[in-house]
Amino acid sequence: MKKSGLNDGELVIKYKDGDDNAFAELLNRHKTKVFTTILIIVKDHYLAEDLMQDTFVKAVKTIKSGRYNEEGKFLPWIIRIAHNLAIDYFRKEKRYPEVDLDDHIKTLNNMYFSEDSAEAAQIKKENYSRLRMSIQVLPEKQREVLIMRHYAEMSFQEIAEVTDVSVNTALGRMRYALINLRKQMTKTPLQYDKDAHP
Amino acid sequence: MIKMLTHEDVIRYAYNECNAEEADIIQAFIDTDKKLRLFYDRLADTQKNLDSLNRQPSAEVIEKILNYSRRIDDVYSV
């Protein structure tokens with residue numbers, strides 16, 4: 001697909017005015033970040049795809065009805081939709097994704113790592129699963145900041161405004177999220193340090 | 001002006017949220033302070049790991065979203 005060189009806000013306006021290619025470019029630009037954010041929260045690839053569809057359907061409806069008002073901040077906006085839909089799914093179902101390493105590995109078998117040697121693929125799969133599970137078990141506020149900063153590319157100032165805390169608190173939560181992730185990646189069994197959060 | 005460097009300053013630096021002057025100062029601290037160097041290296045390693053989680057949705061789901069985005073044009077253009 002040919003890239004237009006337009007920013008997100010300009011693409012949103014063009015799509016609202018009937019240019020379908022503008023939406024295709026927005027989708028192509030952000031599909032990986034949106035999908036990864038959902039996949040980190042839910043543990044099922046197919047469920048993540050369903051929720052990704054719901055996310056973009058909601059975005060399309062908002063844009064087309066003229067209710068989009070994010071002034072160029074498309075990615076943080078759509079990541080928030082994705083995050084909320086994923087969390088809502090588990091609230092409605094009254095359950096949260098179980099942390100099960102074996103299940104992760106089964107799901108991932110032959111899905112992403114087919115080009116590696118068997119041993120290298122196994123190590124990658126285990127690291128992938130461990131990291132994703134480590135994010136899932138982070139305290140909610142730490143996980144929220146981590147996703148907003150790393151995947152939604154929001155600044156700490158923007159995160160502070162959205163979550164109604166100071167920039168220092170947002171930074172502190174990120175720090176503890178990174179410390180807890182590091183701890184999780186180097187130990188078993190999977191637990192987070194309940195004392196290590198602001 | 002940074003008086004005393006904190007881990008939070010290093011995090012801002014790692015996520016490119018410092019101005020040029022701050023970045024120079026933080027880099028100088030990292031180059032000379034072993035503890036900060038270790039913190040920064042671990043942070044960079046974690047960032048790389050987080051990047052490795054990036055996954056693509058299937059072409060099928062992308063097509064479904066694109067189809068929906070085209071169909072809804074008909075609704076709003078009536």
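Just so it is clear: chains get the letters A, B, ... in the order the sequence lines come, proteins before strands, and each one is counted from 1.
- Looking only at distances, a side-chain donor or acceptor of A:Tyr15 sits under 3.5 Å from a matching main-chain atom of B:Ser69.
- Linking ILVMFWY residues whenever their side-chain heavy atoms come closer than 4.5 Å, directly or via other members, leaves B:Ile11 and A:Val165 in distinct clusters.
- Interface check for chain A: of the options B:Glu17, B:Gln47, B:Arg42, the most heavy-atom pairs under 4.5 Å are formed by B:Glu17.
- Connection of A:Val57 to A:Val12 is established within a shared hydrophobic cluster, with ILVMFWY side chains joined at heavy-atom distances below 4.5 Å, either directly or through further cluster members.
- With a 4.5 Å cut-off on non-hydrogen atoms, B:Glu8 touches chain A through its backbone and its side chain both.
- Taking NZ from A:Lys61 and OH from B:Tyr68, the interatomic distance works out to 4.0 Å, rounded to the nearest 0.5 Å.
- In this structure, OG1 in B:Thr46 is found 10.0 Å from CD1 in A:Ile179, a value given to the nearest 0.5 Å.
- At least one side-chain heavy atom of A:Arg182 sits under 4.5 Å from a side-chain heavy atom of B:Asp45.
- For the pair A:Tyr176/B:His7, no side-chain contact is recorded, criterion being any heavy-atom separation below 4.5 Å from C-beta on.
- Distance check, rounded to the nearest 0.5 Å: CD1 of B:Ile72 to CD1 of A:Ile63 gives 9.5 Å.
- By the neighbour-count criterion of 12 heavy atoms within 6.0 Å, atom NZ of A:Lys31 is densely surrounded, having more than that number from other residues, nucleotides or ligands.
- In this structure, chain A has no heavy atom under 4.5 Å from any part of B:Glu60.
- Scored by the ring pair (Phe, Tyr, Trp, His ring centres under 6.0 Å) test, A:Tyr151 finds no partners at all (sequence neighbours excluded).
- Using a 4.5 Å cut-off between heavy atoms, A:Leu146 contacts chain B through its side chain alone, with no backbone atom that close.
- Judged by distance alone, the side chain of B:Arg55 and the main-chain N or O of A:His45 form no donor-acceptor pair under 3.5 Å.
- Looking at B:Leu43, the atoms closer than 4.5 Å to chain A (heavy atoms on both sides) all sit in the side chain, from C-beta outward.
- Atom OG1 in A:Thr36 sits 10.0 Å away from atom CG in B:Asp51 (nearest 0.5 Å).
- Both B:Leu66 and A:Leu26 sit in one connected hydrophobic cluster of ILVMFWY residues. Membership requires side-chain heavy atoms under 4.5 Å apart, directly or through other members.
- Using a 4.5 Å cut-off on side-chain heavy atoms (C-beta onward), B:Thr6 and A:Leu171 make no contact.
- In this structure, the side chain of A:Gln53 does not engage the main chain of B:Lys64 through any donor-acceptor pair within 3.5 Å.
- Looking only at side-chain heavy atoms (C-beta outward), A:Phe23 and B:Arg70 stay at 4.5 Å or farther from each other.
- Taken to the nearest 0.5 Å, the CZ atom of A:Arg132 stands 11.5 Å off from the OG atom of B:Ser52.
- Between atom CD1 of residue A:Ile135 and atom CG of residue B:Leu50 there is a gap of 5.0 Å, rounded to the nearest 0.5 Å.
- Considering A:Leu27, A:Asp54, A:Val60 in turn, A:Leu27 is the only one that fulfils the side-chain contact (heavy atoms from CB on, under 4.5 Å) rule with B:Ile65.
- Within 6.0 Å of atom CG in A:Asp164, 12 or fewer heavy atoms from other residues, nucleotides or ligands are found, so the atom counts as exposed in its surroundings.
- Taking both residues in full, the closest heavy atoms of A:Met174 and B:Tyr15 are given as CE-OH, 3.4 Å, listed atom of the first, atom of the second, then distance.
- Note on A:Phe156: it clusters hydrophobically with A:Val162, by side-chain heavy-atom contacts below 4.5 Å among ILVMFWY residues.
- No continuous path of hydrophobic side-chain contacts links A:Ile13 to A:Phe74 [ILVMFWY only; heavy atoms under 4.5 Å].
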